[in-house]
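One structure below.
Letters A, B, ... are given to chains in the order of the sequence lines, protein chains preceding strands, and every chain is numbered from 1.
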Amino acid sequence: MRPVASDARWEKIYAVVRRIPRGRVATYGQVGFLAGLAGQARQVGYALAALPQGSRVPWHRVINAQGRVSPRALPGWDAVQRQLLRREGVRFDREARVSLERFQWRPRSAR
DNA sequence: TTTATGGCTGTCA
DNA sequence: ATGACAGCCATAA
């Protein structure tokens with residue numbers, strides 16, 4: 001059997017995402033960096049997109065570098081993400097953007 | 001194998 | 001602020 005490289009990477013990505021506390025957000029690039037995959041933000045998005053529904057990974061706490069919820073393949077799904085974040089206290093401005101200054105997660109280990 | 005497409009990002013006009 | 005582009009790399013065809 002051929003080893004599936006993405007499994008190990010995705011595991012690392014999920015591990016990082018699981019560390020994001022409630023009411024905080026991280027960018028794809030940040031997650032990639034913390035997972036040892038600097039510059040591969042896109043893979044983070046890909047990994048999160050592949051998450052099964054029942055997973056306990058807080059995928060909704062990951063947004064793009066512009067502080068916005070990325071438009072997704074399935075319609076309405078991004079609105080759900082915003083609602084989940086709001087429920088945790090994350091505020092959106094009228095441009096549907098989050099102030100990363102205020103809500104971005106800052107783990108000590110990588111500051 | 002090659003091509004096209006992604007829940008992205010930084011840089012430059 | 002907005003748009004175009006080039007990197008990144010896994011997956012599907």
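Each salt bridge (Lys or Arg N to Asp or Glu O under 4.0 Å) pair with one or both residues in residues 30-53 of chain A, not counting sequence neighbours, would appear here, but there are none. Residue pairs meeting the ring-ring contact (aromatic ring centres under 6.0 Å, His included) criterion with at least one member in residues 53-72 of chain A, sequence neighbours excluded, are Trp59(A)-Trp77(A). The stretch residues 24-35 of chain A participates, sequence neighbours left out, in these side-chain hydrogen bond (donor to acceptor under 3.5 Å, both in side chains) pairs: Gln30(A)-Gln104(A). Within the structure, salt bridge (Lys or Arg N to Asp or Glu O under 4.0 Å) pairs that include any residue of residues 49-65 of chain A comprise Arg61(A)-Glu88(A) (at least two apart or interchain).
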Per-nt protein contacts along nucleotides 6-13 of chain B (heavy atom under 4.0 Å; B base, S backbone sugar-phosphate only, - none) come out as BBBSS---
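Applying the side-chain hydrogen bond (donor to acceptor under 3.5 Å, both in side chains) rule to Ser99(A) yields no partners; only residues at least two apart in sequence or on another chain are considered. Residues meeting the side-chain hydrogen bond (donor to acceptor under 3.5 Å, both in side chains) test with Arg97(A), sequence neighbours left out: Asp93(A). Under the side-chain contact (heavy atoms from CB on, under 4.5 Å) criterion, Arg87(A) pairs with Leu84(A), sequence neighbours left out. Partners of Asp78(A) by side-chain hydrogen bond (donor to acceptor under 3.5 Å, both in side chains), not counting sequence neighbours: none found.
The hydrophobic cluster containing Val62(A) also contains Val80(A), counting ILVMFWY residues as joined when their side-chain heavy atoms lie under 4.5 angstrom apart, directly or transitively.
A stem is defined here as three or more consecutive Watson-Crick or G-U pairs, each with both distances under 3.5 Å; for DNA chain B these stems are B:2-6 with C:9-13, B:8-13 with C:2-7.
Contact check of residues 82-103 of chain A against DNA chain C (heavy atom, cut-off under 4.0 Å) returns Arg97(A).
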